[in-house]
Amino acid sequence: MVSDEQIRNVIGVDVGGTKTLAARVVLPVSESSAMQPEVQDRELVGSSSHEQAVLSQIEIAAAALIDRSDQQVDAIGVGLAGFIGRDGIARSAPNAAGLIGLDVGAALSARFGVPVAIDNDANCVAVAAQSLFGTRTGSILAITLGTGIGGGIVLDGDLYRGANGFAGEPGHMVINPAGPECPCGQRGCWERYASGSGLGWLGRTAAAAGLADVVLARAGSVEGIDGEIITELMQEGDTGASRIFAEFAGYVALGLANLILLLDPEVIVIGGGLAAVGDELTALVQQDLVDRFPAASRDRTVKILSAPLGPEAGALGAALLASELLAGSGS
Ligand SMILES: [Zn+2]
């Protein structure tokens, strides 16, 4: 039995495009403890990109978890998509544009009276994966495939943030300079092809060329085709959708191949909405990488895994990052 003095009670919040998930996480004070961090309660609220709305949704979710627990909360962590500076202030936040430039940490700290950590959501997934895989020394690349692509890098056991805190944003690596325009100002960014939006675009391109009649019939129009329809029909066994999904997985693998050459990670964790597809995606990506790197694959293969805990991984990672604020103040 673990006594109250040996555990932390931390709230982690993952702000998504349509939903904000908060989780109350119990974790050991000491890293040497055999106890694993555990999600004990969760609260889901709808999201909106309006500044006050996002802030109040985070507050409402955190307050609900605090009300339901008889334990005092020690810290709060928040994960957001976008460029989050080392000062915890968002420079870009596609799911929460109203929070850009705002000191969310200070606002939440004033409201709840505890230290608050703000970080990139994919950084949170990387930290959660590191904790759950029980490897304090390994190198992990976390990729979130949702509307865009996020990234988090754990190198030799530590989260790598870069000079400004923006490291691990591979969604805007250019993989085709003649490709479609990206809101970031470049053309042919990886996330134009390998995110949920990219999957929809590949589907619309195939349907416009007459290569996806069943997909077109299900969507009703070329414009109506999105990533979810392709995934659904692929899982139902439709040939056209399966071909589009395989092309999509090839683009996921192309970007990962570049990142593997740079980082040589032990494990690549796929999070975000598309992680729910599971083995059908990871197996295609893994096979593509074996085909690309036959020599390297003879000795070892990078493990491609769906993020453990699914959508809760971001919230758990945010809680773990918040708990680092308490290091040294342990009882
Ligand atoms: Zn871009």
Side-chain angles (χ1 to χ4, degrees), residues 14-18 47 49 54 79-86 89-101 118-126 141-153 160-206 208 223 225-228 230-231 244-245 247-263 265 268-275 277 281 285 288 307 314:
D14 183 61
V15 179
T18 54
S47 283
S49 60
V54 181
L80 290 175
F83 291 100
I84 316 300
R86 279 178 172 267
I89 294 178
R91 304 303 195 280
S92 87
N95 295 335
L99 297 185
I100 294 169
I118 313 284
D119 215 315
N120 171 270
D121 60 346
N123 284 358
C124 294
V125 174
L141 172 65
I143 295 292
T144 56
L145 304 180
T147 311
I149 298 180
I153 302 166
Y160 180 72
R161 288 195 168 86
N164 301 295
F166 304 158
E169 282 293 337
H172 300 284
M173 298 188 303
V174 173
I175 60 163
N176 177 8
E181 280 179 18
C182 181
C184 79
Q186 306 189 99
R187 278 185 174 275
C189 291
W190 186 32
E191 72 173 37
R192 292 299 95 211
Y193 301 85
S195 64
S197 320
L199 178 57
W201 180 79
L202 292 169
R204 292 190 293 277
T205 305
E223 296 71 39
I225 297 171
D226 61 15
E228 280 175 34
I230 308 290
T231 305
I244 295 161
F245 196 84
E247 187 187 5
F248 162 75
Y251 278 116
V252 174
L254 169 61
L256 291 183
N258 290 333
L259 294 168
I260 289 167
L261 291 168
L262 184 69
L263 298 169
I268 294 176
V269 173
I270 297 181
L274 274 152
V277 176
L281 174 60
V285 170
D288 188 293

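Atoms within each ligand, like the ligands themselves, are counted from 1 in listed order. We count residues from 1, following the sequence as given.
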Check: residues 251-260 side-chain donor-acceptor pairs under 3.5 Å, at least two apart:
none

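- In this structure, Arg204 contributes its side chain and Glu223 its backbone to no donor-acceptor pair below 3.5 Å.
- When atom types are taken as modelled, the side chain of Thr144 and the backbone of Ala122 share no donor-acceptor pair closer than 3.5 angstrom.
- We find the OG-CD1 distance between Ser92 and Ile84 to be 7.0 Å, quoted to the nearest 0.5 Å.
- The neighbour count for Phe83 CZ, taken as heavy atoms of other residues, nucleotides or ligands under 6.0 Å away, is above 12.
- Counting only protein N, O or S atoms, 4 lie closer than 2.8 Å to the Zn ion (ligand 1).
- Counting only distance, with no hydrogens or angles, the side chain of Asn120 and the backbone of Gly82 share a donor-acceptor pair below 3.5 Å.
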